[in-house]
Protein chains: 2
Amino acid sequence: MTSKATSIDIAYRAGVSQSTVSRALRNSPLVNLETRQRIQVIAKELNYKVDKNASNLRMQNSQTIALLICEDPTNDDSMINPFFLSMLGSITRATAQQGYDLLVSFQQLSSDWHADYEDSNKADGIILLGYGDYVDYAHKLDKLIEQSTHFVIWGAEHNNKAVLSIGCDNHQGGFIATEHLLKLGRKQIAFLGDSSSRSPEFRDRYLGHIDALIKLAINVDKQLQYDAINTEASGYEAANELLDKGVAFDAIFTASDLIAIGAIRALKQRGVLVPEQVAVVGYDDIPIASFANPALTTVKQDTRFAGEILVESVLKLIRGQEVSPRLIQTNLVIRHSCGATTDNS
Amino acid sequence: MTSKATSIDIAYRAGVSQSTVSRALRNSPLVNLETRQRIQVIAKELNYKVDKNASNLRMQNSQTIALLICEDPTNDDSMINPFFLSMLGSITRATAQQGYDLLVSFQQLSSDWHADYEDSNKADGIILLGYGDYVDYAHKLDKLIEQSTHFVIWGAEHNNKAVLSIGCDNHQGGFIATEHLLKLGRKQIAFLGDSSSRSPEFRDRYLGHIDALIKLAINVDKQLQYDAINTEASGYEAANELLDKGVAFDAIFTASDLIAIGAIRALKQRGVLVPEQVAVVGYDDIPIASFANPALTTVKQDTRFAGEILVESVLKLIRGQEVSPRLIQTNLVIRHSCGATTDNS
DNA sequence: CTGAAAGCGCTTACAG
DNA sequence: CTGAAAGCGCTTACAG
């Protein structure tokens, strides 16, 4: 293979100047339609592609956006949170659709965000995908703001108003889950999941749950909340503690599917029938959810839509357009674990 | 925020020439240690980062590699094959470790590979992650070769010797799965999975399975092979067909975990005890596997290692070093579905 | 050990 | 409608 064709090569063959080639390839109306087409044909023949480095250097942008995944520290290193993975897929798609490239990186490996990305002109904007309160990242966030980097974070509204956040409405999600359970006649609903401010997502789900109870005039029993982090093991443990305590309950709403799956394992092991004796509703609708036994009723976050909004938002930021934080509504996926359907296949 | 600092700014402050700054930042021994350090301090103060576009343009490389995911056409559009997702994670890590960036793209969205990547100087090399025989991509593969693009594909050895492939040893994986089942005393082992050449991975797993049977002098019963594609539904269906047929079997080895999970659902529904009556072994060790009920015994492909090898291989290609195709050994993850352990939690 | 200069391949005012 | 020229921010022979 001979070395890559440049616009000069094309200019030579087309018998025009390099500037004209450049214009023609960008389809500028300035250049005569006929010459334009002739140039484009030659370009195709030579398999010519604009050199992005040169073009970006000149235009001072990169047409790529960076996705920084701040992995959930509660997960073991080898496995990415399944919800993130799903977001990754939708963000990749949305980015491509907008004609941008996506640079992916995991946070633990790089300690200097702005450095690695926008400052080195590799990305025009950044999407931060994390779980939790971003407290560990606060300092870096500040740095990003200070440098007026274009970035958007996934999650609950941030206390720093300069940070643009896009997230699913966890409060609403918690509300509909519990409301559903109440409508099915369940009265004592336990909540498994950290309710501290360290986990804003979980806390908001908890708060939504509480609001549903209050709205339906059910007493809130603090005894029915158990902390759990986002793992199967933690759900298993929390459910066992709940069982050991001896408090009566006929349903469990968990802050994540992983917790729900662990809880179901504990219930089954103790001979508790799901959903007959205890209904279970999870959160996230990760792929595993539909394969659980019984199949898990869960709150689904629309990752496809979320990815689109996320990408659209950074792009707006980059273009200097108006953007505001956004909460995406969730919806309930009803399967068998809540007892709403009788067919328990 | 003032505009980004350049090497000229640093040169000005350090009272040296821009060339010296460039050398100092690359830690060239040519420049006096003291000046070098002084310059580096200033660079840090100014939060300076080398402009990648300029640097890449000048050096004629991009320090990034592109990952093209050719999605399994049997999966529905919204969900990526979990095995790929896991590979994506490990490739991301491996790439970062080598100081390269990773550009991710899904195949359906872009029809012109070489165009979008190497030719436009955005990536120095390409990793193709696909499932199957790459027949649909043969034409494009040819184009890549023709353009002497640096690329490596995931999967079985390709019939075109010019293509460098890295993959797990599916034959060996099939072998150890069946061998394990035989050692546990199972005699009639069904195989669920396409055994045609359209699915070279599945076919090799099947062949390994057959070899294990032959080695242990068990008759091969063609009746015990059922086609299935890589979905839960397909596994469910195949297991039902098997059950309907009325042939006796005491174990099932499936070409993927998704198939295994569907098969287990069918077995349970028909009242067949797993693993007591029928042992099941899957393939992939996707996250769901450990949550299945019973927890799935499966053949694990070491994705972390595979990702490293993949990245290492493209890099070698890029550097013009010697590389050869590679088969990575798999290993068995023994859980409950094969009946090897009695504790069925 | 350091500087002046060329050049990577584009895009885009500027002039015609 | 087209061309000559500048310049994006680097890296690296070349000369000293």
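Remember, predicted model here, so these are calculated numbers, not experimental data. As a basis for the values below, the full set of heavy atoms in this structure was taken, side chains included, without hydrogen atoms, waters or symmetry mates.
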Gap in Å between the two C1' atoms, one belonging to C:dG16 and one to C:dT12, rounded
16 Å
Distance check needed: [N] [atom2] versus [X] [atom1], whole Å only.
X: A:D51; N: D:dC8; atom1: CG; atom2: P; result: 18 Å
X: A:N61; N: C:dT12; atom1: CG; atom2: C1'; result: 14 Å
X: B:M59; N: D:dA13; atom1: CE; atom2: C1'; result: 15 Å
X: A:L25; N: C:dC10; atom1: CG; atom2: P; result: 9 Å
X: A:K52; N: C:dG9; atom1: NZ; atom2: C1'; result: 13 Å
X: A:L57; N: D:dC8; atom1: CG; atom2: C1'; result: 4 Å
X: A:I8; N: D:dG3; atom1: CD1; atom2: C1'; result: 12 Å
X: B:Q63; N: D:dC10; atom1: CD; atom2: P; result: 16 Å

Residues 308-326 of chain A, side-chain donor-acceptor partners within the protein, below 3.5 Å, at least two apart:
{"residue": "A:S313", "atom": "OG", "partner": "A:I309", "partner atom": "O", "Å": "2.7"}

Short side-chain to backbone donor-acceptor contact, [X] and [Y], under 3.5 Å:
X: A:S7; Y: A:V21; result: no
X: A:T92; Y: A:L88; result: yes
X: B:T149; Y: B:F151; result: no

On a heavy-atom basis, which atom in [X] and which in [Y] lie closest, and how many Å separate them?
X: A:G307; Y: A:A94; answer: O-CB, 3.9 Å
X: A:G130; Y: A:W154; answer: O-CD1, 3.6 Å
X: B:S165; Y: B:G155; answer: CB-O, 3.8 Å
X: B:I39; Y: B:A14; answer: CG1-CB, 4.1 Å

Would you mind classifying the nucleic acid contact of B:T6 as base, sugar-phosphate or nothing, using non-hydrogen atoms under 4.0 angstrom?
sugar-phosphate
Heavy atoms under 4.0 Å, any strand shown: does A:S22 hit a base, just sugar-phosphate, or nothing?
base
Collect all protein-nucleotide pairs involving nucleotides 14-16 of chain C in which both atoms are nitrogen or oxygen and the distance is under 3.5 Å.
none

Closest-nucleotide mapping onto DNA chain C: is A:T20 or B:V31 further toward the 5' terminus? I mean the 5' end.
B:V31
Residues of residues 10-19 of chain B with a heavy atom under 4.0 Å from any atom of DNA chain C, listed by number, are B:V16, B:S17, B:S19
Using heavy atoms and a sub-4.0 Å distance, could you list which residues of residues 32-45 of chain B are near DNA chain D? By number, please.
none
Report yes if a side-chain nitrogen or oxygen of B:R26 is closer than 4.0 Å to either non-bridging phosphate oxygen (OP1 or OP2) of D:dC10; otherwise report no.
no
Base-pair string, DNA chain C, Watson-Crick plus G-U, cut-off 3.5 Å on both distances, | for inter-strand, is |||.||||||||.|||
List the residues meeting side-chain contact (heavy atoms from CB on, under 4.5 Å) with [X], not counting sequence neighbours, and say none if there are none.
X: A:L327; answer: A:D169
X: A:Q63; answer: A:N61, A:Y100
X: A:Q40; answer: A:L25, A:N27, A:R36
X: A:T35; answer: A:V16, A:V31, A:N32, A:R38

State which of D:dC10, C:dC10, D:dC8 makes the closest approach to the side chain of A:Q60.
D:dC8
Side chains of B:L102 and B:I65 in contact at under 4.5 Å (non-hydrogen atoms):
yes
side-chain hydrogen bond (donor to acceptor under 3.5 Å, both in side chains) involving B:T95 - partner list, sequence neighbours excluded:
none
